[in-house]
Amino acid sequence: MARHRLAFLVSCFIAVLGTMAAASTAGVAANVSSARVTSTGNVWVTISGGPDQTCGIRTDHTLWCWGANFVGQLGVGDKTYRNVPTRVGQGTDWASISTGDVHTCGITTNHTLWCWGGNLSGQLGLGDGPDRLRPARVGNGANWALVSTGGYRSCGIRISGSLWCWGDNGFGELGLGGTRNRDRPTQVSQVSDWTQISLGGSHTCGIHVNHTLWCWGYNTDGQLGFGARWTQSHRPTRVGQGDDWAQIATGESYTCGLHVDHTLWCWGYNGYGQLGLGNTTSRLRPSRVGGTADWALISTGFAHTCGLRANHTLWCWGDDLSGELGLGHTTGRHQPAHVGQGTDWALVSAGNFHTCGIRTNQSLWCWGDNFSGQLGLGDTTSRPVPARV
């Protein structure tokens with residue numbers, strides 16, 4: 001069961017070694033800054049957790065990032081790690097943010113797209129290969145509505161509803177019909193009715209305006225939901241015949257989604273119980289999680305899942321080695337488990353081994369792995385319960 005976590009850790013170790021070898025000074029990965037930054041806008045509207053970094057936007061539309069920064073994925077102009085929220089530039093027009101493995105992308109209120117960090121596979125969409133330490137504008141368009149990052153690639157939906165992807169494409173996860181990488185946004189199919197997109201480890205899923213679900217890319221453990229495994233799909237392929245999908249979230253090798261009736265469904269790899277089905281048996285097709293029909297939001301990490309119900313309660317399940325479930329211990333759960341007694345959660349975002357959430361009073365809370373300072377609490381001590389940032 002540990003093979004997925006081991007593969008991820010090995011890939012991160014290789015990436016760090018390559019970055020440190022190229023750095024002009026040694027010890028970049030261990031250089032953690034704890035300089036505190038204050039702001040009058042210390043209330044949060046959105047959050048995005050990456051593998052070992054986190055970014056969030058405050059009510060004043062300022063952008064703040066913290067955690068690992070070995071290729072500049074924090075966008076603060078250097079490669080120094082941060083263990084407290086650090087402001088990215090001076091802009092006050094950020095609208096949305098998404099953190100990938102080693103890069104980050106965001107959209108401003110005027111619908112321009114910006115990316116920064118690692119660019120080995122062209123995932124920044126800038127037409128070249130160098131990394132960027134600060135946000136760099138992608139193209140000249142001011143028509144971006146949504147962006148999602150995952151692995152070493154990115155996808156975005158324009159206001160017209162057209163879908164564009166770029167970056168790593170080794171398993172066809174860009175949906176372009178082949179396996180050649182792209183270093184600029186490239187349109188996926190010719191339809192312009194996409195409403196959602198989510199990028200997993202090596203697979204991608206999206207929803208059309210008619211509520212149909214489509215997935216593509218790698219399918220080692222049935223994460224595409226087609227009823228098979230160890231296959232690939234290089235173009236968007238419809239999942240089942242349902243036309244009632246409302247939200248989609250892709251993890252490392254699994255997928256979860258909500259129907260319009262607020263039921264929760266998950267499929268793919270289940271070695272840590274991240275599907276929430278009460279066991280560790282993988283599923284090749286969408287399987288319903290429990291009997292409730294009150295799910296409002298779902299977020300997937302590397303091997304754990306968190307979701308909000310209509311009553312603003314928070315539930316998490318799956319791997320808990322770093323306390324990412326927020327239950328006060330490190331024992332995994334195979335079914336949704338209630339996190340605390342709060343009934344005031346408004347948003348949750350699962351990183352690889354940590355989780356962050358925003359409450360209805362717009363306060364930010366994080367928990368789980370904190371090796372790189374990704375919890376934003378001023379230290380590198382992991383937390384098994386939500387701690388206010």
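- Side-chain atoms of N352 and D52, non-hydrogen and from C-beta on, never get closer than 4.5 Å to each other.
- N370 places a side-chain N or O within 3.5 Å of a backbone atom of L375 that can act as its donor or acceptor partner.
- For the 3.5 Å distance criterion, the side chains of T149 and S98 qualify, holding a donor opposite an acceptor.
- Counted within 6.0 Å of CG on L297, heavy atoms from surrounding residues, nucleotides or ligands total more than 12; the atom is thus considered enclosed.
- No side-chain heavy atom of T204 sits less than 4.5 Å from a side-chain heavy atom of T250.
- Between Y81 and F70 there is a side-chain heavy-atom pair separated by less than 4.5 Å.
- Using a 4.5 Å cut-off on side-chain heavy atoms (C-beta onward), Y269 and E252 make no contact.
- Residues passing the side chain to side chain donor-acceptor pair (under 3.5 Å) test with Q247: none are found, sequence neighbours excluded.
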Show me, pair by pair, the donor-acceptor contacts under 3.5 angstrom made by side chains of residues 337-345, not counting sequence neighbours?
from : atom 1 : to   : atom 2 : distance (Å)
H338 : NE2    : G340 : O      : 3.3
D344 : OD1    : R359 : NE     : 3.2

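- Checked against salt bridge (charged side-chain N to carboxylate O under 4.0 Å, His left out), D128 has the following partners two or more places apart in sequence or in another chain: R132.
- Checked by atom type and distance alone, the side chain of T305 pairs as donor or acceptor with a backbone atom of Q274 at under 3.5 Å.
- S48 meets the side chain to side chain donor-acceptor pair (under 3.5 Å) test with T99; sequence neighbours excluded.
- Linking Ile, Leu, Val, Met, Phe, Trp and Tyr residues whenever their side-chain heavy atoms come within less than 4.5 Å leaves W94 and W44 in two separate clusters.
- With sequence neighbours left out, W315 forms a side chain to side chain donor-acceptor pair (under 3.5 Å) with T313.
- Formation of a donor-acceptor pair under 3.5 Å by the R158 side chain with backbone atoms of G156 is not found in this model.
- Within the 4.5 Å cutoff, side-chain heavy atoms of P51 are placed close to those of Q53.
- Scanning for side chain to side chain donor-acceptor pair (under 3.5 Å) contacts around T237 gives S233, with sequence neighbours left out.
- In this structure the side chain of H304 never reaches within 4.5 angstrom of the side chain of D320, judged on heavy atoms.
- Of the N and O atoms on the side chains of S154 and H103, at least one donor lies less than 3.5 Å from an acceptor on the other residue.
- Between the side chains of D168 and Q123, no donor-acceptor pair of N or O atoms lies under 3.5 Å.
- In this structure, I47 is a member of the same hydrophobic cluster as L325, with clusters built from ILVMFWY side-chain heavy atoms closer than 4.5 Å.
- Under the 3.5 Å distance criterion, with hydrogens and angles disregarded, a donor-acceptor pair is assigned to the side chains of H203 and T255.
- Looking at P236 and W194, their side chains come closer than 4.5 Å, going by heavy atoms from C-beta outward.
- There is no side-chain donor-acceptor pair under 3.5 Å between D294 and N311.
- Residues P85 and W66 have side chains in contact (heavy-atom distance under 4.5 Å, counting atoms from C-beta outward).
- For W367 and H354, the gap between ring centers reaches or exceeds 6.0 Å.
- With hydrogens and angles ignored, the 3.5 Å screen pairs no side-chain donor or acceptor of N83 with any backbone N or O of T380.
- Looking at D183, its side chain never comes within 3.5 Å of a backbone N or O of G129 through a donor-acceptor pair.
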